[in-house]
Structures are given as C-alpha cells and as structure tokens.
Amino acid sequence: MDLRRRAIPSADRLRVFLMLFYTMAHIMAEQEVENLSGLSANPEKDIFVVRENGTTCLMAEFEARFIVPYDVWDSNYVDLITEQADIALTRGAEVNGRCGHNESELQVFWVDRAYALKMLFVKESHNTSKGPEATWRLSKVQFVYDSSEKTHFKDSVSAGKSYKCQAQQFISLASSDPQKTVTMILSEVHIQPFDIISDFIFSEDHKCPVDEQEQLEENLPLILGLTLGLIIVTLLAIYHVHHKMTANQVQIPKDRSEYKHMG
C-alpha cells in the first residue's frame, strides 16, 4: 500500500515536470519579428525580419499597394456607385510571423489593424536529374480590410471584407463579389522564407521572367554593338590578309616577248 501511495505523487511530479519542460521548450523556441523599414533608403519600401532563437529565418523586402473597389451612395441617395481606395502599406506597421521547416508565414497590420496582409510560404521538394531539389512558393495571400476606416474609404456603404487567393505569383485578389477585384501591387520584392544562412544576407536570387526580359532588352543594344564590331574587325582582317597575299603574288606575263625581261 505504501508503494502505491508513493507511486501516485511520483506520477504527478513527472506530469508536472513534462508540462514545465514543454513550456520552457516553447519559450526557448519563441520567435521574434522586427520591422526594419527605417533602414531602407526608399520611403515606400518595407523590410520585415522573423527570427527564431536569435537566428533570422524569414526576410522580406517589398512595396505594397492595394486598389480596393467599394460602394458609395450617389448624389440622389438611391443608386450605388463604385469608388476605389488606394491603400499603401505604411512604415511603422505591426508585424507578426512564424517559421517552420516546410511552412513560413508573414503577417503585417497597419492603421490600428484596420488592414492586415497575410502571406503563407510553402517549401516543396522535387526529384530532379541532379537529385532532390527544394523550392518554395507563395501559396496564399490574404488581405483583410475594414471599409469603415475613414482615411481611405469615404462614405462606404458596406462593412469590411476578407479577400483570399491561392497564388503562386502576385495576382489580383478575388472577392466574394465577382464584380469587384482587389488589386495587390508589389514592387522591389526580395523575399526568402527558408534556409537563411546569415542575418540580413539573401541567398542567390532567382529573377522573375519580367526582370530577365527587361535585362535582356537593356543588354540587347550592347550585344548587337559588340557583335557588329566583331564582324567589322573580322572583315577588315580578311581584307588585309587577302590584299597582302595579292600584292606578293608573282604576275605571269601574258605576252611571250616579256619573258626575256624576267629574271
């Protein structure tokens, strides 16, 4: 009987110990986020960092604007007309985030949480001819706004809505109202949600097709100029060699009477 009575407190102590261990592990693995937009020379560009145990695990740099259609009453107070709110992601925004082995998330709130941008990143592994290769994609974008916020919405009729899309690229955000589409405009984007080797250092970037096309268009005149110059130099070299060979060639007289003057 005494052994049983002693075993019960021991089990309770073990349970308490496990709970404390779990809590401490959770606290130790807590993640912190920072808004470092003040470091950017571009006043419209935002920089966000998520750290886990003091190590950077997600970095994002971009400009963001949202074009949101909303309804207002016409001057006759009978008909509804559609206006557009141009909402920019401002500096000093509140930021949350988390990092995982295969999923990372960035959440940004601004104007007293009237606006919220949530971006979910997913890491995937693919088998290639060179072996397993990891890639990541932006799997979901969610923009939540409150149309009662008076700075951007003037006399809005309806309340705020939530817009979502499953996105691998930056696209328009579909609305519950098919006649209205929220447009998300991102520029100067530089994001890495996984496998960051060192703080504030992005890995080798993969340029988007638009950037590659623009770079090709910028370099095309230079490439054409170098190619044309190479062709001209080659033709001049061929002409010079041909002219030199022709000048040194012995001329055979056509008239036999000229043979005596040879030698």
Side-chain angles (χ1 to χ4, degrees), residues 27-68 85-123 134-146 149 151-152 163 165 167-171 173 182-215 218:
I27 293 174
M28 291 179 63
E30 269 192 6
Q31 297 172 347
E32 58 178 342
V33 293
E34 284 188 278
N35 184 340
L36 302 178
S37 303
L39 300 178
S40 173
N42 184 347
E44 297 180 353
K45 187 175 182 179
D46 294 281
I47 304 175
F48 304 111
V49 174
V50 181
R51 290 191 178 90
E52 182 177 37
N53 297 330
T55 302
T56 301
C57 55
L58 187 154
M59 295 188 298
E61 300 180 10
F62 56 83
E63 297 178 21
R65 289 172 53 230
F66 300 86
I67 309 300
V68 183
D86 190 339
I87 304 168
L89 175 57
T90 58
R91 284 193 170 183
E94 178 185 350
V95 56
N96 290 330
R98 64 179 179 85
C99 293
H101 182 67
N102 293 320
E103 285 189 358
S104 294
E105 185 176 2
L106 181 67
Q107 302 178 9
V108 185
F109 308 90
W110 66 103
V111 190
D112 295 327
R113 288 191 167 232
Y115 308 108
L117 171 63
K118 299 180 181 180
M119 306 170 74
L120 180 65
F121 305 92
V122 176
K123 185 178 181 181
T135 60
W136 65 268
R137 62 186 175 89
L138 176 61
S139 65
K140 185 174 73 173
V141 175
Q142 182 182 25
F143 175 57
V144 182
Y145 67 90
D146 182 3
E149 196 275 315
T151 305
H152 297 92
Y163 288 83
C165 73
Q168 295 184 7
Q169 296 179 332
F170 302 116
I171 61 175
L173 307 181
V182 176
T183 303
M184 179 181 179
I185 305 172
L186 292 177
S187 57
E188 295 192 41
V189 177
H190 202 171
I191 298 176
Q192 183 173 346
F194 300 100
D195 303 326
I196 295 177
I197 299 175
S198 180
D199 286 354
F200 307 111
I201 298 179
F202 288 99
S203 298
E204 183 179 359
D205 54 64
H206 174 75
K207 295 186 181 297
C208 62
V210 176
D211 285 355
E212 290 181 347
Q213 180 67 26
E214 290 179 353
Q215 186 174 4
E218 292 177 358

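Starting from 1, each residue takes its place in the sequence as its number.
- Between Phe143 and Phe66, the gap from one ring centroid to the other is short of 6.0 Å.
- Of all non-hydrogen atoms in Val50 and Cys99, the two that sit nearest each other are CG1-SG, 3.8 Å.
- Residues His152 and Tyr145 bring no donor and acceptor atom of their side chains to less than 3.5 Å of each other.
- To the nearest 0.5 Å, atom OG of residue Ser37 and atom CD of residue Glu63 are 11.0 Å apart.
- Looking only at side-chain heavy atoms (C-beta outward), Glu149 and Val111 come within less than 4.5 Å of each other.
- One distance of note links CZ of Arg137 with NZ of Lys123; it measures 14.5 Å at 0.5 Å rounding.
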Exercise for review: Let me see the working for Val182 and Ile67 under side chain to side chain contact (heavy atoms under 4.5 Å, CB included), right down to the final yes or no.
Suggested key: CA-CA 6 Å; Val182 176; Ile67 309 300; over 6 Å; no
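- For the 3.5 Å distance criterion, the side chains of Asn42 and Ser40 fail to qualify, holding no donor opposite an acceptor.
- Taking CE of Met59 as the reference point, atom CD1 of Ile47 lies at 10.0 Å (rounded to 0.5 Å).
- Taking the charged nitrogens against the carboxylate oxygens, Lys45 and Glu61 do have a contact shorter than 4.0 Å, which makes a salt bridge.
- Between Glu94 and Arg113 a salt bridge is recorded (basic side-chain N to carboxylate O distance below 4.0 Å).
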Exercise for review: Show the numbers, then the answer: is there a side chain to side chain contact (heavy atoms under 4.5 Å, CB included) between Leu117 and Phe109?
Suggested key: CA-CA 7 Å; Leu117 171 63; Phe109 308 90; over 6 Å; no
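- The ring pair (Phe, Tyr, Trp, His ring centres under 6.0 Å) test applied to Phe48 returns Phe62, not counting sequence neighbours.
- The structure places CG of Asn96 at 9.0 Å from CG of Leu106, a figure rounded to the nearest 0.5 Å.
- Minimum heavy-atom separation, Gly38 to Arg91: CA-NH1, 3.8 Å.
- Here Asp86 pairs with Arg65 in a salt bridge; the nearest charged N to carboxylate O distance falls below 4.0 Å.
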Exercise for review: Report the C-alpha distance between Val122 and Trp136 in whole Å, list the side-chain angles of each, state the deciding distance to 0.1 Å, and finish with yes or no for side chain to side chain contact (heavy atoms under 4.5 Å, CB included).
Suggested key: CA-CA 6 Å; Val122 176; Trp136 65 268; over 6 Å; no
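- Rounded to the nearest 0.5 angstrom, Glu32 CD and Thr55 OG1 are separated by 9.5 Å.
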Practice item. Go through the steps to decide whether Ile191 and Phe121 satisfy the test side chain to side chain contact (heavy atoms under 4.5 Å, CB included), and finish with yes or no. Key: CA-CA 10 Å; Ile191 298 176; Phe121 305 92; 3.8 Å; yes
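- Considering all non-hydrogen atoms of both residues, Ser104 and Gly100 come closest at OG-N, 3.8 Å.
- Contact between Asn35 and Val95 at its shortest, heavy atoms only, is N-CG1, 4.0 Å.
- Nearest heavy-atom pair, Ala93 versus Trp110, reported as atom, atom and distance to 0.1 Å: CB-CB, 3.9 Å.
- A salt bridge links Glu103 with Arg98: the closest approach of a Lys/Arg side-chain nitrogen to an acidic carboxylate oxygen falls below 4.0 angstrom.
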